[in-house]
Amino acid sequence: MSAVLAAFREAYAAALRLHLRAPNQNTLSEGYELGRRALVEGVSILDLTEHHFRLLELEGLGSAPDGTDRSEAALEFLLQTMAALDVATRGFLDGTRRYEQQRSRADDLAGRDAFRTALVESLQDGFFVVDAEGTLIEVNSAFGALTGYGPDGIPYPLPHPWTVEDAPRYPDLGTEAARFVMPIRHRDGRQLWLAVSTSSLVKPENGERVFVGTLRDVTAEHDARARDQAVSRLATAVGAATSVVEVLTVGLEELRRAVGAEAAVVSVWPSHTAGPELYVSEDNPHTATGLAPHITQPIRRRGEAETTGGESRRVLDARARALLDRARLQPGRSMFAIPEGESSSEGIVAPLGESGDSALWLRFAAPRVITAGDWALFSLLVGHLSLAVQRARNFDQARSTSLTLQRAMLGPIELPPRFSVHYEPALPPLEIGGDWYDVVRLEGGAIGVVVGDCVGRGLSAAVVMGQLRTAARALLLRGAGPAQLLAELDTVAARIPGAMCTTVCAAILDPVRGLVRYSNAGHMPPVLAEPGRQGRLLEGGRAFPLATFDIPRRPEATTAMAPGATLVLFTDGLVEQRGVDIDDRFVELADELSRGAGRLPREVADSVLSRLRPSGGYDDDVAMVVYRQPPEPLRLDVPADARELSQLRRALRSWLAAAAVPHDLAVDLVSAANEACSNSIEHAYLGGEPGRVQLAADSGVDCLTIEVSDTGVWRPLPADPGNRGRGIAMMRALTDQLDIDNSGPGTRVRMSVRLMAVSFSAAGRM
């Protein structure tokens, strides 16, 4: 018995035992593959049948250990094994006539070789034989039909001509015994996917190892699976996007990767009069993709900043513009290849959605034939992208509506100088919340501040918030103090459904006297931080939330605010975090405020939010008011020496930051003060003894003054100052009012500016 037959019998016995233990389709498939192997290795039907029944008789495989008869399962396995031999036999009968013709033309061929050739030719699968060097030395006609490389081109050495160079590496045909699916490039340029099954044999005459195998076309199955995976990836990528920009940022990248396109461009016309906005994803931004070099519209790329400095600005050339303009007017879900009527296409264009205001252009890296499977894939992907864009537009509209309602509820307010407010929703603002704040100017220079938080979220909480906010503002304007305001809000809240347990902190600030008077209805305590010191909680004046208990009298507390101190009032969303002790959060807040004396209130708010923001974002809405008490007046007395100017500028700049003067205004004031000091240094003591220059700065409630004085001699401006003498005009231009007094000894220059209030609208920040 030959080694080949022995190996086959051993493999058959193992497969039969496995099938009899647990009959299933997989074990039957293994029997069919053994039949194909028997065909290739020349195992006869008699050998196979004899071996089968000997196994059943000698090894007792016909019955299970429990006595169950397994002969039916054994017969099913045998028939499945012989199926491949049966197919080959019937194919052989069909090819007998061709065999007889071959025999008449080549009488010298041995009968066995002719039979084998006819048998191989009758196979529906592609068949090949590979020698030890990886060269294909025999293929059948079916192999030629599948690959475009038939028997006439034998031999086919490595590298095989159908190999796809840029594809993931697969075993070359006949280099190892395995089963796998591999891509090939057909001789006509098409890419196909073939299922390969190979086995190794040893020639008995010379011991040479060769491989034999079969090929089967599975392109349709592979493409269907690839389409499903591509659609799933795209749907997953755009599923979490909530704006058109986000959808196109991730969607175009995924779409381009799925179809193998070099560039994907979406053109959106926001109105009938405006030009289109372009969204581009491409492999190489510098490769010509129909985009002209001179740009007027923004192109946003994934991962690229959407600022003027980070944007790439280009416009479509005339041809591309016409293509997209034409595509957007086509019926929804239609698409066409460009150029039309050609066998190979540069890309496709299609309308995006059904509103007629956007279109998509996919450009391939090289012209290619678009198959029916490609069209099916393109249609599915563009359809999903269109749905995602429409969903994002609906989301944008809902967000815009909710933001408009939120602004209407909170209302625009005019912030006095040295204030900043911040409102940050915990979730994308599709639902409004019940947190609110208000800052109100009162008579005598006092300022009322109210921060509150209604129970719940959504429209009902916002309605309660709006009524309580209006009532609190009216009480402040009527002259109610903090305790009286909360006491009267108790009565108001008791009559408003859903207002029970609302927490409120009300405070009246006196910037002139440096006092804050406050009362707290179950709310977060304000935090006061003096310059260079740790912030501290203001825990006085505390009582129950609104409309919960009948309180005879609301408590009230008064605390001094040191010059330059920072006061923060906020809602609980700022400091409450799951799994974290709220006292630790208060410590973080107080520590952050200790470094805030030299920053603007807006910068303090930003740093606090950044320091306390949990990794997953805030769990609740955050409303926050930041106030800076005017610092102590600045007094500087330095020698009249130009080398002292840099020190004067630094000191004034730091003081202006502590006084919460906006950066632009601070730059103007530093420039004006520097000019006044330069004049004193250069002219007041000319030709005399060196003197000194004094600078004083003082910040009131709404006005800031800077005074520069010296004890030198006033020198009038000459009639023709030449290229100089512009200092006074510059100081007058940079300040609201300029007064120069040179009537006594020395000169005093007084500059003043009015600190302007800032208009602020909710859902934004200043």
Side-chain angles (χ1 to χ4, degrees), residues 2-5 7-8 11 33-34 36-43 84 88 91-92 95 98-99 102 105-106 108-219 222:
S2 68
V4 173
L5 180 58
F8 176 83
E33 291 299 324
L34 283 170
R36 297 177 66 184
R37 176 176 170 181
L39 175 65
V40 174
E41 296 181 355
V43 177
F92 168 72
R98 293 194 301 271
Y99 166 68
Q102 269 187 339
R105 289 193 301 266
D108 58 329
L109 292 178
R112 184 177 178 181
D113 290 341
F115 172 78
R116 185 178 65 81
T117 301
L119 188 64
V120 168
E121 283 295 319
S122 69
L123 294 177
Q124 297 178 355
D125 292 347
F127 175 82
F128 61 89
V129 178
V130 185
D131 65 15
E133 284 75 33
T135 300
L136 269 74
I137 57 176
E138 184 176 350
V139 298
N140 64 354
S141 299
F143 185 99
L146 288 173
T147 64
Y149 299 90
D152 296 340
I154 288 296
Y156 296 114
L158 287 171
H160 299 143
W162 48 80
T163 302
V164 179
E165 295 181 358
D166 56 350
R169 288 303 302 157
Y170 293 86
D172 290 309
L173 291 182
T175 57
E176 59 181 83
R179 298 178 186 175
F180 54 91
V181 175
M182 65 176 291
I184 70 156
R185 182 74 63 189
H186 194 278
R187 178 166 259 168
D188 63 10
R190 292 176 295 144
Q191 180 168 310
L192 303 176
W193 290 84
L194 302 180
V196 182
S197 177
T198 61
S199 300
S200 65
L201 301 174
V202 176
K203 290 184 177 182
E205 61 270 19
N206 57 11
E208 179 188 0
R209 180 171 294 276
V210 297
F211 290 89
V212 295
T214 58
L215 303 177
R216 184 164 50 90
D217 188 354
V218 293
T219 304
H222 178 273

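These numbers come from a predicted model, not from an experiment.
- Interatomic distance, CG of Leu136 versus CD1 of Ile154, reported as 6.0 Å (0.5 Å rounding).
- Taking each heavy atom of Gly148 and Arg187 in turn, the nearest pair found is O-NH1, 3.1 Å.
- Atoms CG and CD, on Leu158 and Glu133 in that order, are 9.5 Å from each other to the nearest 0.5 Å.
- With rounding to the nearest 0.5 Å, the separation of CH2 in Trp162 from CD1 in Ile184 is 8.0 Å.
- Using modelled atom types, no side-chain atom of Asp125 and backbone atom of Gly213 make a donor-acceptor pair closer than 3.5 Å.
- The side-chain contact (heavy atoms from CB on, under 4.5 Å) search around Ala195 returns Val181, Arg216, Val218, not counting sequence neighbours.
- Taking Pro161 as the reference, Tyr149, Tyr156 meet the side-chain contact (heavy atoms from CB on, under 4.5 Å) condition, with sequence neighbours excluded.
- To the nearest 0.5 Å, atom CH2 of residue Trp193 and atom CG of residue Asp217 are 12.0 Å apart.
- Asn140 and Phe127 make their closest contact through OD1-N, 2.9 Å (heavy atoms, listed as atom of the first residue, atom of the second, distance).
- When all heavy atoms of Arg37 and Ala11 are compared, the closest pair comes out as NH1-CB, 3.7 Å.
- Summarising the geometry of Glu208 relative to Ala132, their closest heavy-atom pair is OE2-N, 3.8 Å, with the distance given to 0.1 Å.
- Leu192 places none of its side-chain heavy atoms less than 4.5 Å from the side chain of Leu146.
- In this structure, Pro151 and Ser141 approach most closely via the heavy-atom pair CG-N, 4.3 Å.
- Screening residues 188-200 for salt bridge (charged side-chain N to carboxylate O under 4.0 Å, His left out), with sequence neighbours left out, gives Asp188-Arg190.
- Looking at Leu215 and Thr147, their side chains come closer than 4.5 Å, going by heavy atoms from C-beta outward.
- Between Ala145 and His186 the shortest heavy-atom distance is O-NE2, 3.5 Å.
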